[in-house]
Asks: 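Have a look at this one.
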Protein chains: 2
Amino acid sequence: MTKQLKSFYLFKDLDDKSLARLDEISNVIEYKKGSILFFEGDKAANLIILLEGILQVYKTDQKGNKVILHHFFPVDVIAEIVNFEHMRYPASAEFESDGKVLSINYDTFEKEFLKNPDISFAFIKSLSKKIKYLENVIATNMVMNSTARVAKFLCENGDKISKLKKSHIAANLNMTPETLSRILKKLSTMGLIEKLKDEILILDKEGLETFYL
Amino acid sequence: MTKQLKSFYLFKDLDDKSLARLDEISNVIEYKKGSILFFEGDKAANLIILLEGILQVYKTDQKGNKVILHHFFPVDVIAEIVNFEHMRYPASAEFESDGKVLSINYDTFEKEFLKNPDISFAFIKSLSKKIKYLENVIATNMVMNSTARVAKFLCENGDKISKLKKSHIAANLNMTPETLSRILKKLSTMGLIEKLKDEILILDKEGLETFYL
DNA sequence: AATTATTCTTGATATTTGTCAAAGAGACTG
DNA sequence: CAGTCTCTTTGACAAATATCAAGAATAATT
């Protein structure tokens with residue numbers, strides 16, 4: 001497994017001895033689609049790195065609706081502040097597909113590895129990436145309306161759309177399938193997109209961008 | 001000024017020589033209430049540390065409304081990822097009161113100081129704090145409705161309320177003064193709070209908490 | 001191909017919050 | 001203390017989005 005560890009950017013500069021040690025304090029866990037990695041409020045003993053699969057992070061509002069906050073893809077470090085700050089998970093995480101995770105005993109990791117300048121720099125990099133991600137979540141969900149969110153999604157993910165169910169897209173954009181359907185119809189009527197069998201053609205990307213830029 | 005630098009936690013472990021060098025590459029700038037520290041989209045050449053005053057960070061939506069994202073208080077490091085990632089400011093910042101800022105040439109800082117383990121650890125700490133803050137912004141504004149936000153604000157700031165204008169509170173909670181007024185009336189009718197001359201008494205804190213916990 | 005199940009769309013209606021206008025209440029000034 | 005100014009409250013209405021229910025389209029299964 002040390003080979004796998006080394007391939008991860010956080011550990012790429014570690015020597016063999018350190019890698020062996022890291023191997024000792026970590027293990028790989030596999031998850032099935034739909035299974036929960038952690039619940040909001042759980043405590044964290046391990047630093048978790050997503051090796052395979054897509055992980056969805058969400059909160060539940062008063063009405064019981066999921067509010068999707070973000071997605072993690074391999075190879076991301078998951079919620080490292082929860083370890084660093086000894087806090088509880090602020091949201092829940094569920095696998096959207098089968099997945100695999102590297103779980104590292106955090107206390108040992110902090111003591112033996114975090115002082116290493118390369119690791120700490122990578123850690124900063126990872127936190128920084130997360131902040132950018134959160135800023136984007138805020139920019140998207142707090143300042144943009146539904147139409148703008150859909151337009152942004154189309155421009156950024158136009159290619160992937162055919163593979164996704166509409167109801168899934170709607171959930172990711174934090175709106176109902178009905179609202180998504182109506183917005184797509186509107187954009188189609190405006191001549192900005194064309195709805196084909198199971199694909200959405202973008203006819204006027206600039207037109208779409210005016211909704212959110 | 002080295003004394004002032006040393007009092008800041010990020011620099012508390014620096015030796016005198018380093019402090020003197022830091023002093024060379026930084027300067028203090030004063031701002032009047034209402035003045036802009038930076039606009040969304042600006043590039044950043046300096047690492048900014050808020051020494052005095054309250055700084056409000058916001059975005060503007062399509063309709064031209066301010067969406068307030070957060071507030072910084074002394075002594076906070078402001079938007080360090082913008083420096084670290086060489087990106088543009090994702091939001092604008094305006095002084096809510098007179099203020100003072102320490103501005104450090106970032107390129108030099110990164111080269112000469114960020115490798116110092118104490119500084120990098122403090123840097124991690126600062127990023128981590130920011131992530132917690134952003135998580136909270138998201139939790140508050142994306143998953144809670146207006147009533148819940150007001151209830152949370154009352155529970156967490158009950159004491160400070162008398163000093164603040166209602167319109168100011170409303171802006172901070174990202175709602176209109178009208179909405180705030182109506183919610184306070186509702187909570188008052190429910191017997192959870194009592195509106196006095198220029199103070200709001202919390203009669204039933206647990207009752208308020210049920211709106212958001 | 002026919003049947004069944006799932007997803008998507010449409011319409012009617014409800015809810016939440018914002019907008020606009022006017023009235024009320026304090027605070028400040030001359 | 002009357003007049004003015006600012007802030008807050010109230011009411012009527014509008015906008016955006018959610019909810020619920022039914023129908024249409026697609027996909028899956030027998």
Side-chain angles (χ1 to χ4, degrees), chain A residues 33-34 58-68 96 140-154 161-190 193-201 211-212, chain B residues 33-34 58-68 96 140-154 161-190 193-201 211-212:
Chain A
K33 173 177 176 178
Y58 64 93
K59 284 188 168 252
T60 308
D61 70 12
Q62 277 97 345
K63 293 184 189 167
N65 297 321
K66 263 190 192 178
V67 179
I68 297 181
E96 255 186 30
T140 305
N141 289 282
M142 279 179 59
V143 324
M144 288 171 30
N145 63 22
S146 297
T147 305
R149 271 179 280 146
V150 172
K152 181 166 186 254
F153 185 86
L154 288 172
I161 273 178
S162 51
K163 288 164 208 148
L164 296 170
K165 269 192 287 189
K166 297 236 170 88
S167 55
H168 188 242
I169 295 172
N172 283 209
L173 295 173
N174 288 321
M175 65 184 65
T176 60
E178 293 94 328
T179 300
L180 175 61
S181 174
R182 285 172 182 126
I183 288 169
L184 289 176
K185 192 182 178 186
K186 182 178 73 178
L187 296 176
S188 184
T189 308
M190 294 171 75
I193 61 173
E194 190 176 345
K195 289 162 72 183
L196 300 181
K197 195 85 165 46
D198 50 11
E199 196 183 2
I200 296 176
L201 276 188
F211 281 102
Y212 67 96
Chain B
K33 174 177 175 177
Y58 64 92
K59 284 187 168 253
T60 309
D61 68 13
Q62 277 98 343
K63 292 184 189 166
N65 297 320
K66 261 191 193 178
V67 178
I68 296 181
E96 254 186 31
T140 305
N141 289 283
M142 277 179 62
V143 322
M144 288 172 30
N145 61 23
S146 297
T147 305
R149 273 179 279 149
V150 172
K152 181 166 186 252
F153 186 87
L154 288 170
I161 273 179
S162 51
K163 288 163 207 149
L164 297 170
K165 270 191 289 189
K166 296 237 170 88
S167 53
H168 188 242
I169 296 173
N172 283 210
L173 295 174
N174 289 320
M175 65 184 67
T176 60
E178 292 95 328
T179 300
L180 176 61
S181 174
R182 287 172 181 126
I183 288 169
L184 289 175
K185 192 182 178 188
K186 182 178 74 177
L187 296 176
S188 185
T189 309
M190 293 172 74
I193 61 173
E194 191 176 344
K195 290 162 69 181
L196 300 180
K197 196 88 161 43
D198 50 11
E199 196 183 3
I200 295 176
L201 277 186
F211 281 104
Y212 67 97

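So you know, we letter chains A, B, ... as the sequences are listed, proteins then strands, and number each from 1.
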Asks: Testing the basics here: between A:Lys66 and A:Asn174, what is the closest heavy-atom pair and its distance to 0.1 Å?
Replies: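 Looking at all heavy atoms of both residues, the closest pair is O-OD1, 4.2 Å.
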Asks: When you measure from the side chain of B:Arg149 to the backbone of B:Met175, do you find a donor-acceptor pair of N or O atoms at a distance under 3.5 Å?
Replies: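 Absent.
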Asks: Is A:Lys166 near enough to C:dT7 that one of its side-chain N or O atoms lies under 4.0 angstrom from OP1 or OP2?
Replies: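 No, A:Lys166 has no side-chain N/O under 4.0 Å of OP1/OP2 on C:dT7.
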Asks: More than 12 heavy atoms of other residues, nucleotides or ligands under 6.0 Å from NZ of B:Lys33: is that the case?
Replies: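 Counting other residues, nucleotides and ligands, NZ of B:Lys33 stays at 12 neighbours or fewer.
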Asks: What is the distance from CG of A:Leu164 to P of C:dC8, rounded to the nearest Å?
Replies: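 Interatomic distance, CG of A:Leu164 to P of C:dC8: 11 Å.
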Asks: Could you check how far NZ of B:Lys186 sits from C1' of D:dT9, rounded to whole Å?
Replies: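 Value for this atom pair: 16 Å.
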Asks: Considering only heavy atoms, which members of residues 175-185 of chain B lie under 4.0 Å from some atom of DNA chain D?
Replies: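 Contacting residues: B:Glu178, B:Ser181, B:Arg182, B:Lys185.
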Asks: In whole angstrom, give the distance that lies between atom NZ of B:Lys165 and atom C1' of C:dA27.
Replies: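 Between C1' of C:dA27 and NZ of B:Lys165: 12 Å.
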Asks: If you compare all heavy atoms of B:Leu173 against all heavy atoms of B:Asn141, which two are closest, and at what distance to 0.1 Å?
Replies: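 For B:Leu173 and B:Asn141, the tightest heavy-atom pair comes out as O-OD1, 4.2 Å.
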Asks: Quick check on C:dT15: is either OP1 or OP2 less than 4.0 Å from any side-chain nitrogen or oxygen of A:Lys63?
Replies: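 False: A:Lys63 side-chain N/O out of range (4.0 Å or more) of C:dT15 OP1/OP2.
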Asks: How long is the line joining NZ of B:Lys195 and P of D:dC7, in whole Å?
Replies: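 Between P of D:dC7 and NZ of B:Lys195: 17 Å.
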Asks: Would you say A:Ser146 reaches D:dA16's phosphate, i.e. side-chain N/O to OP1/OP2 under 4.0 Å?
Replies: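 For A:Ser146, the contact criterion (side-chain N or O under 4.0 Å from OP1 or OP2 of D:dA16) is not met.
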Asks: Indicate whether OP1 or OP2 belonging to D:dT19 is found under 4.0 Å from a side-chain N or O atom of A:Asn65.
Replies: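 Affirmative; the distance criterion is met.
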Asks: Taking only N/O atoms, report every protein-nucleotides 22-27 of chain D pair under 3.5 Å with atom names and distance.
Replies:
unit_1	atom_1	unit_2	atom_2	d
D:dA27	OP2	A:Lys197	NZ	3.3

Asks: Are any non-hydrogen side-chain atoms of B:Ile200 and B:Leu187 less than 4.5 angstrom apart?
Replies: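 Contact flag for B:Ile200/B:Leu187 side chains = no.
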Asks: Is there a side-chain contact between A:Lys59 and B:Met142, using heavy atoms and a 4.5 Å cut-off?
Replies: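 No. Closest side-chain heavy atoms not under 4.5 Å.
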Asks: Between atom CG in A:Asn141 and atom P in D:dT17, what is the gap in whole Å?
Replies: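 It is 12 Å, rounded to the nearest whole Å.
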Asks: Could you tell me how far apart A:Met142 (CE) and C:dT17 (P) are, to the nearest whole angstrom?
Replies: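 Atom CE in A:Met142 sits about 14 Å away from atom P in C:dT17.
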Asks: Between the main-chain N or O of A:Pro177 and the side-chain N or O of A:Ser181, is there a donor-acceptor pair closer than 3.5 Å?
Replies: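 Pair absent, no side-chain N/O of A:Ser181 close to backbone of A:Pro177.
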Asks: Please state how far atom CG in A:Leu173 lies from atom C1' in D:dA16, giving the value in whole angstrom units.
Replies: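 Checked: the CG to C1' distance equals 16 Å.
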Asks: Of the non-hydrogen atoms in A:Leu184 and A:Lys195, which two are nearest, and what is the gap between them?
Replies: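 That closest heavy-atom pairing would be O-CD, 4.1 Å.
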Asks: Indicate yes or no: at least one non-hydrogen side-chain atom of A:Phe153 is less than 4.5 angstrom from one of A:Ile161.
Replies: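 Yes, side chains in contact.
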Asks: Let me know the distance between NE2 of B:His168 and P of D:dT8, rounded to the nearest Å.
Replies: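 After rounding, the reported distance stands at 11 Å.
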